[in-house]
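Read the structure below first, then the notes.
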Amino acid sequence: MIPLMLDPAKLRIALVGTGPLALRRLELLRAGGAVPTVFAPGGDGALAALAGDGYQPRMPDAADLAGVHVLFAAGLPDEAGETLAAEARALGILVNVEDVIPLCDFHVPSIVRRGDLLMTVSTGGRSPGLSRLLRLALERLFPTVWATRLDRAADLRERMRAEGADGAAINRAVERLAAEEGWLP
């Protein structure tokens with residue numbers, strides 16, 4: 001596995017599915033700033049409410065998939081997930097079919113989000129339960145105040161860059177700030 005962070009502002013993302021798994025995936029995508037097109041074969045009121053204008057109560061066709069970079073599928077019957085994954089791959093789309101590892105080009109890690117601070121844990125899909133336990137531990141170790149801490153460190157970096165400081169000096173200043181304020185044990 002290769003960890004990557006994707007900028008949803010630069011990618012076209014689609015979600016296909018229904019039910020609680022699809023809703024959870026849509027919530028995760030929205031929390032990351034994505035506004036995916038959502039296809040819900042047979043309709044799904046909760047998905048429709050959250051997806052807004054990007055909601056389609058049907059399976060996508062080839063024209064819908066044209067230009068999509070990343071496709072998530074969740075809550076689909078096995079055969080529908082397999083067919084969709086094959087169609088998407090033929091178009092060069094990265095695919096994740098929830099809980100069906102052989103159909104996934106990538107996995108979504110457990111996530112702790114504190115503003116722009118993003119921490120992830122992955123077991124490569126081998127033990128989602130362990131990923132969850134580690135995520136819960138990270139949530140306790142890094143409470144919501146870390147969003148403000150990141151803002152302060154970023155402000156310090158910007159000020160120092162404007163003054164002409166190099167990366168090493170900025171890193172030392174951030175380390176001093178964290179040490180002086182006891183951010184880490």
Side-chain angles (χ1 to χ4, degrees), residues 1-15 17 19-38 46-55 69-75 94 96 98-99 101 104-185:
M1 297 307 239
I2 300 170
L4 302 170
M5 299 294 180
L6 301 175
D7 183 349
K10 297 177 182 173
L11 299 171
R12 186 161 169 235
I13 299 172
L15 168 65
L21 288 177
L23 184 60
R24 186 180 71 186
R25 181 61 59 213
L26 179 56
E27 289 168 343
L28 178 128
L29 291 169
R30 297 295 293 260
V35 184
T37 302
V38 177
L47 279 174
L50 186 56
D53 293 340
Y55 177 77
H69 300 105
V70 180
L71 177 69
F72 292 88
L94 289 174
N96 177 280
E98 186 99 12
D99 292 335
I101 292 172
C104 294
D105 298 323
F106 64 94
H107 302 289
V108 178
S110 290
I111 297 171
V112 176
R113 189 179 304 277
R114 302 293 187 240
D116 286 332
L117 177 62
L118 185 65
M119 295 171 280
T120 64
V121 175
S122 174
T123 60
R126 295 186 61 213
S127 180
L130 180 58
S131 289
R132 180 182 167 279
L133 287 174
L134 294 171
R135 176 185 51 81
L136 293 171
L138 283 172
E139 287 176 348
R140 288 188 301 274
L141 289 170
F142 297 91
T144 58
V145 68
W146 276 89
T148 303
R149 290 174 177 171
L150 171 61
D151 291 342
R152 294 186 55 218
D155 289 345
L156 175 61
R157 176 179 182 253
E158 284 193 30
R159 278 195 317 274
M160 291 183 70
R161 284 183 74 177
E163 296 167 359
D166 67 10
I170 294 168
N171 288 344
R172 287 191 301 273
V174 170
E175 289 172 12
R176 269 194 313 277
L177 174 64
E180 290 169 1
E181 298 197 2
W183 290 359
L184 295 168

Checklist entry - Would you call R149 and E181 a salt bridge, using N to O less than 4.0 angstrom? => result no
Checklist entry - Within a strict 4.5 Å, meaning less than it, do heavy atoms of the L138 and V121 side chains meet? => result yes
Checklist entry - Is the CG atom of D7 crowded by more than 12 outside heavy atoms at less than 6.0 Å? => result yes
Next on the checklist: Using a 3.5 Å distance criterion without hydrogens, assess whether the side chain of R132 forms a donor-acceptor pair with backbone atoms of S110.
Outcome noted: no
Item to check | Derivation of the side chain to side chain contact (heavy atoms under 4.5 Å, CB included) call for V108 and F72 | outcome: CA-CA 10 Å; V108 178; F72 292 88; 3.6 Å; yes
Checklist entry - Do the side chain of R152 and the main chain of L177 share a donor and acceptor less than 3.5 angstrom apart? => result no
Checklist entry - Do any N or O atoms from the side chain of R25 and from the backbone of G17 form a donor-acceptor pair under 3.5 angstrom? => result no
Next on the checklist: Checking M5 against L118 for the side chain to side chain contact (heavy atoms under 4.5 Å, CB included) test, could you report, in this order, the C-alpha distance in whole Å, the side-chain angles of both residues, the deciding distance, and whether it holds?
Outcome noted: CA-CA 9 Å; M5 299 294 180; L118 185 65; 3.6 Å; yes
Checklist entry - With the threshold set at 4.0 Å, does a side-chain nitrogen-carboxylate oxygen contact exist between E163 and R159? => result no
Checklist entry - Heavy-atom count around R12 CZ within 6.0 Å, excluding the residue itself: above 12? => result yes
Next on the checklist: Let's go through H69 and I13 carefully: what are the C-alpha distance in whole Å and the side-chain angles of both, what is the deciding distance for side chain to side chain contact (heavy atoms under 4.5 Å, CB included) to 0.1 Å, and is it a yes or a no?
Outcome noted: CA-CA 6 Å; H69 300 105; I13 299 172; over 6 Å; no
Item to check | CG/D166: more than 12 non-hydrogen atoms of other groups inside 6.0 Å | outcome: yes
Next on the checklist: Checking the side chain of N96 only, and the main-chain atoms of F106 only, is there a donor and an acceptor separated by less than 3.5 Å?
Outcome noted: yes
Checklist entry - Is it true that atom CZ of R161 has more than 12 heavy atoms of other residues, nucleotides or ligands lying nearer than 6.0 Å? => result no
Checklist entry - Should L23 and L50 be marked as a side chain to side chain contact (heavy atoms under 4.5 Å, CB included) after you check the CA-CA gap, both sets of side-chain angles, and the distance that decides it? => result CA-CA 8 Å; L23 184 60; L50 186 56; 4.0 Å; yes
